[in-house]
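Working notes, beginning with the structure itself.
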Amino acid sequence: MRENPIYGEELDLFTIKSYVFPETLEEADELLQRDARNSAILGGCCWLKLGRRISRAIDLSRLGLDQIEVKDGFLELGASVTLHQLETHPAVTSRFDGILGECVSHIVGVPFRNCATVGGSVFSRFGFSDLTCALLALDASVVLYRGGEQPLAEFMASPIAFDDILLKVRVRDDGRRAAYQSVRRSTTDFPTLAAAVSCLGGQWTVSVGARPARAVRCETAAACLNEGKGAAAAGQAAADELTYGTDLRAGADYRKKLAAVLVRRAAEQCMEENKG
Ligand SMILES: Cc1cc2nc3c(=O)[nH]c(=O)nc-3n(C[C@H](O)[C@H](O)[C@H](O)COP(=O)(O)OP(=O)(O)OC[C@H]3O[C@@H](n4cnc5c(N)ncnc54)[C@H](O)[C@@H]3O)c2cc1C
């Protein structure tokens, strides 16, 4: 703790008592289970360093989780892959119309995105997360050390317990077309609302994030697109089906209106891509 020079009150800092580099996943898990409440798996520390006292910091950087691979018909993103790698790695930028790079490109700035990781972003299940919204539309799954592989949609709906390690995110390399849209009050701000769609063989997937609650899939909007009712109908369905909340960025009514617009725009963009 130190004193805030302006207000004189105590500031909670990011403090670490012991810092460890496990050499194996088994060791990382064993260290975490010893005291999960006071330990932390480290991603890029971009969020953690906003203030947290950690007894044991577990650094995964020696475990080879920083790989992007295409294998067995899946695009695999290791937990330590940075957000900027999603913008620059050809295996990512050449797939799904580049939405995984596009969706993170508004987050703070390149130096920040060179630190923030896929693991820290997905495991935290932030409501404002651009990445989880895009991954939901791609029907991604997560691979956890203890929990094994599970659909991201299921993982997103579960409560956060910091007692497992996210190893990677998997997306079927099925050639689906995709599009991502977000609105921000200013460049680099958190999204006020975000929407993503994908289309494979005429079957659509739609997700909406920053509601401001966590991103979710929207089945009625997808059904509108599957039945050929058009992008505007899908947008209206997303506005009607999902719940929207109020925070300092926007009111619930405004978010509902944004959802109709962003889902429509994303669907239209994806339809254009499909023509090309
Ligand atoms: C100022 C600021 C602005 C931001 N703006 C946006 C934005 O507009 N859009 C957006 O989507 N995001 C935004 N973010 C979030 C950011 O993109 C990252 O998601 C966030 O910083 C976490 O990533 P990290 O790698 O730094 O994780 P860390 O800060 O290291 O960790 C975050 C949490 O995840 C846990 N964790 C990390 N890795 C793992 C793992 N492999 N397994 C299990 N648990 C793990 C940690 O223990 C910790 O609890 C912003 C963050 C900040 C600080």
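Numbering of ligands and ligand atoms starts at 1, following listing order. In this chain, numbering begins with 1 at the start of the sequence shown. Scope of the values below: all heavy atoms of this structure, side chains included, with no hydrogens, waters or symmetry mates.
For Phe74, there are no ring pair (Phe, Tyr, Trp, His ring centres under 6.0 Å) partners at least two apart in sequence or on another chain.
Between Asp247 and Arg255 a salt bridge is recorded (basic side-chain N to carboxylate O distance below 4.0 Å). Under 4.0 Å is where a charged nitrogen must lie from a carboxylate oxygen, and between Asp139 and Arg172 no such pair does.
Residue contacts with ligand 1, taken as heavy atom pairs separated by less than 4.0 Å, involve Leu83 solely via side-chain atoms from C-beta onward. At a 4.0 Å heavy-atom cut-off, ligand 1 touches Ala79 through the side chain alone. Contact annotation: for Phe123 versus ligand 1, heavy atoms closer than 4.0 Å belong to the side chain alone.
Closest heavy-atom approach to atom 42 (N) of ligand 1 among the candidates Leu166, Val118, Leu167, Thr188: Leu166.
Ligand 1 has an N or O atom lying under 3.5 Å from an N or O atom of Ile41, backbone or side chain. Residue Phe126 places no N or O, backbone or side chain, under 3.5 Å from any N or O of ligand 1. At a 3.5 angstrom cut-off on N or O pairs, His106 does not count as close to ligand 1.
The side chain to side chain donor-acceptor pair (under 3.5 Å) pairs that include a residue from residues 155-167 are Arg125-Ser158, where partners are two or more places apart or lie in different chains.
Looking only at side-chain heavy atoms (C-beta outward), Arg211 and Leu242 come within less than 4.5 Å of each other.
The atoms of ligand 1 that sit less than 4.0 Å from any heavy atom of Asp164 are 43 (C).
Considering Val118, Leu144, Ile41, Thr132 in turn, Leu144 is the only one that fulfils the side-chain contact (heavy atoms from CB on, under 4.5 Å) rule with Phe123.
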